[in-house]
Amino acid sequence: MLNGTSGKRTEDIRTHLLRQIKIGNFSRGTALPSERELAEKLDASYMTIRKAIGQLVEEHYLERIPRVGTFVSPQIPACKVQRQLGIIVPSWTAPENSDFVMYASEAAEQDGWLPKLYFARHWEDRMLTDAWQNCDALLCFAPQAVNQMPAELLDRFRSHEKPVVLIGVPAHHFGLDTVAGSMELELKVILDRLAAAGHSRIALIEQYTLMNDQLQLGTPTFYSVWKQRITEALGADAVPELSILVETPRFELPHRAIYDKLKSFGRKLPFTAIITWIPFVWGVTAALTDLGIRIPDDVSLVANGDRQEVPFYRPKLSYLKVPLRDHAFKALELIRARERNPDLPVQYAMISPVFIEGETLKKLSGEV
């Protein structure tokens, strides 16, 4: 309910509705509730609501379409209402998602955008269509593999009617502007670091799912590059021994499955180093600790990924990150370029990896 004398009611309601438009609760092109709904919600007369809306129509914030309804004008200039940047992240909770939202919001604020957050369960989630319709541009942290995107949504995204940037996955070959790292380069950097420290028997932890009795790896490119390097160094027979493949559990974190898999090795490990993803680190370190295996004295550990919390892991983790903050700010650059020229060729910005020296990588003194 909005308070005020009867003489101020129309102006109070106009101010209230305008604020809802400016903070993004009523996006450009979207319909307002009916005047009778607003009258009931705001405890005002129907005529007061109608007068307040009429003022906003005269000021070109709203448009009335006879027998259809009242809509926020899609042509409101940015000098009157901030442009809205839709930030799409997967609906499951993960520190990486939260970190990206923070970085994207920071980048949006610096560039004069109003960030709006959307959670998507999969590409067919209606929330994605709503975000595209209601926002002026989108940053999309993909909830699934890009090749699973429905054709209708893909056509909308790559029409460039509004800037859309995919984050973290190479989607340029689908006609989508993209900011991502390179898994081939990331793994090469990690393997080169381990090789320089004398390691050759390097295990890789990877998740998989079974689909129609076919094994589907979580990051097949990462695995294939690792497999090639191991084969070149040790021969193909070493690959099964050094592959730590863990089936992705449903509706739970992977820590328990990884913990159980590593515990099955016992204290006699067939490797001197492990490569894993940062979300798996706690499961790895718990298993090794409970086996009485010391990091890095008995086995080195190097992770891949970016989380704000990682500097506080103990022991201090040796890891490679492709900074999420760089993704967010580079994506805003791509949006600005696309706004200036909607006919630009597809843009692909690659973010360089950064290796962080920690305490979990040991240099071997003798032959492995």
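Ionic pairing of K162 and D136 is not present here: no N-O contact between side-chain nitrogen and carboxylate oxygen is shorter than 4.0 angstrom. Using a 4.0 Å cut-off between charged side-chain N and carboxylate O, D111 and R336 make a salt bridge. Between E359 and R314, no side-chain nitrogen of the basic residue sits less than 4.0 Å from a carboxylate oxygen of the acidic one, so the salt-bridge criterion is not met. Under a 4.0 Å N-O distance rule, the pair E161/R338 does not qualify as a salt bridge. Salt bridge status for E241 with R201: present, with a side-chain N to carboxylate O gap under 4.0 Å. Contact check on D326 versus K330 returns no salt bridge, with no Lys/Arg side-chain nitrogen under 4.0 Å from an Asp/Glu carboxylate oxygen. Salt-bridge check for E11 with R14: passed, with a basic side-chain N closer than 4.0 Å to an acidic carboxylate O. A salt bridge links R229 to D192: at least one charged side-chain nitrogen sits closer than 4.0 Å to a carboxylate oxygen. Between R307 and E96 there is a salt bridge, since a side-chain N of the basic residue sits under 4.0 Å from a carboxylate O of the acidic one. Under 4.0 Å is where a charged nitrogen must lie from a carboxylate oxygen, and between E35 and R64 at least one such pair does.
Taking 4.5 Å as the limit, some side-chain heavy atom of R28 sits within range of a side-chain heavy atom of V81. Residues L32 and F71 fail the side-chain proximity criterion, which asks for heavy atoms closer than 4.5 Å. Proximity of W226 to L242: side-chain heavy atoms (C-beta onward) are separated by under 4.5 Å at one or more points. For the pair T276/L204, no side-chain contact is recorded, criterion being any heavy-atom separation below 4.5 Å from C-beta on. At least one side-chain heavy atom of V72 sits less than 4.5 Å from a side-chain heavy atom of L62. Residues Q308 and Y103 meet the side-chain proximity criterion, which asks for heavy atoms closer than 4.5 Å. Using a 4.5 Å cut-off on side-chain heavy atoms (C-beta onward), N304 and I190 make contact. A heavy-atom distance below 4.5 Å is not found between the side chains of Q216 and Y208.
Atom CD of Q82 is surrounded by more than 12 heavy atoms from other residues, nucleotides or ligands within 6.0 Å. Around the CG atom of N147, the shell of radius 6.0 Å holds more than 12 heavy atoms that belong to other residues, nucleotides or ligands. The environment of NZ in K316 is sparse: at most 12 heavy-atom neighbours from other residues, nucleotides or ligands sit within 6.0 Å. In E109, the CD atom is not crowded: 12 or fewer heavy atoms of neighbouring residues, nucleotides or ligands sit closer than 6.0 Å. For K188, the NZ atom sits in a loose shell: 12 or fewer heavy atoms of surrounding residues, nucleotides or ligands are nearer than 6.0 Å. A 6.0 Å sphere centred on NE2 of H122 holds more than 12 heavy atoms belonging to other residues, nucleotides or ligands. Applying the 6.0 Å contact sphere to CD of E152 captures no more than 12 heavy atoms from other residues, nucleotides or ligands.
Without hydrogens or angle criteria, T289 side chain to A286 main chain gives no donor-acceptor distance under 3.5 Å. Looking only at distances, a side-chain donor or acceptor of Q144 sits under 3.5 Å from a matching main-chain atom of W123. A donor-acceptor pair is defined here as one N or O able to donate and one able to accept, closer than 3.5 Å; such a pair exists between the side chain of R267 and the backbone of G292. Judged by distance alone, with hydrogens and angles left aside, the side-chain atoms of N212 form no donor-acceptor pair with the main-chain N or O of Q214 at under 3.5 Å. Using modelled atom types, no side-chain atom of T231 and backbone atom of A236 make a donor-acceptor pair closer than 3.5 Å. Side chain of T360 to main chain of S300: no donor-acceptor pair is present (N/O by atom type, distance under 3.5 Å, no hydrogens or angles).
Taking the ring axis of F174 as reference, the NZ or CZ atom of R158 does not stay both within 45° of it and closer than 6.0 Å to the ring centre.
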message: Please determine whether side chain to side chain contact (heavy atoms under 4.5 Å, CB included) holds for the pair I88 and F119, giving the CA-CA distance in whole Å, both sets of side-chain angles, and the decisive distance to 0.1 Å.
response: CA-CA 6 Å; I88 298 167; F119 293 98; over 6 Å; no
query: Step by step, would you call D290 with Y259 a side chain to side chain donor-acceptor pair (under 3.5 Å)?
result: CA-CA 10 Å; D290 290 353; Y259 176 91; 2.6 Å; yes
query: Run the salt bridge (Lys or Arg N to Asp or Glu O under 4.0 Å) check on E357 and R193 step by step: do they pass?
result: CA-CA 10 Å; E357 298 284 355; R193 289 279 180 151; 2.2 Å; yes
task: Go through the steps for S243 and Y223 under the test side chain to side chain donor-acceptor pair (under 3.5 Å), then give the verdict.
output: CA-CA 9 Å; S243 299; Y223 182 84; 2.9 Å; yes
Residues L269, I293; criterion side chain to side chain contact (heavy atoms under 4.5 Å, CB included); working and verdict: CA-CA 9 Å; L269 301 178; I293 294 171; 3.5 Å; yes
message: Is there a side chain to side chain donor-acceptor pair (under 3.5 Å) between E206 and T219? Walk through the geometry before answering.
response: CA-CA 8 Å; E206 180 63 271; T219 52; 2.4 Å; yes
task: Show your working on side chain to side chain contact (heavy atoms under 4.5 Å, CB included) between H160 and D177 and close with a plain yes or no.
output: CA-CA 9 Å; H160 304 311; D177 293 340; 4.2 Å; yes
message: Evaluate I205 against V284 for side chain to side chain contact (heavy atoms under 4.5 Å, CB included), listing each step before the verdict.
response: CA-CA 9 Å; I205 296 176; V284 174; 3.4 Å; yes
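Scanning all heavy atoms of the two residues, the minimum distance from H255 to P279 falls at NE2-O, 3.3 Å. The two residues A108 and L85 have their closest heavy-atom pair at CB-CD2, 3.7 Å. A pairwise comparison of heavy atoms in Q347 and L334 identifies NE2-O, 3.2 Å as the closest pair. Shown here for F26 and T30, the closest heavy-atom pair between the two residues is C-OG1, 3.7 Å.
Distance CD1/I53 to CD/E58: 12.5 Å, rounded to 0.5 Å. Atom SG of C140 sits about 6.0 Å away from atom CE of M149, to the nearest 0.5 Å.
The salt bridge (Lys or Arg N to Asp or Glu O under 4.0 Å) test applied to E40 returns no partner, not counting sequence neighbours. A search for salt bridge (Lys or Arg N to Asp or Glu O under 4.0 Å) contacts involving E106 returns R325, not counting sequence neighbours.
Counted by atom type alone, T221 and S224 present zero donor-acceptor pairs between their side chains at under 3.5 Å. Side-chain N/O atoms of E232 and Q228 include a donor and acceptor closer than 3.5 Å. Side chains of T272 and H199: a donor-acceptor N/O pair is present below 3.5 angstrom, by distance only.
When hydrophobic clusters are built by joining Ile, Leu, Val, Met, Phe, Trp and Tyr residues whose side-chain heavy atoms come closer than 4.5 Å, directly or via intermediates, F157 is not grouped with L332. Side-chain heavy atoms closer than 4.5 Å link hydrophobic residues (I, L, V, M, F, W, Y) into clusters, and following such links, possibly through other members, connects V101 to I335. Linking Ile, Leu, Val, Met, Phe, Trp and Tyr whenever their side-chain heavy atoms come within less than 4.5 Å puts V189 and I230 in one cluster. When the side chains of ILVMFWY residues are joined at heavy-atom separations under 4.5 Å, either directly or via intervening members, L253 and V310 end up in two distinct hydrophobic clusters. One hydrophobic cluster holds both L139 and L117 under the rule that ILVMFWY side chains link at heavy-atom gaps under 4.5 Å.
Ring geometry for W282 versus Y313: interplanar angle of 30 to 60°, hence tilted. Ring orientation note: the planes of F222 and W277 are tilted relative to one another, at an angle of 30° to 60°.
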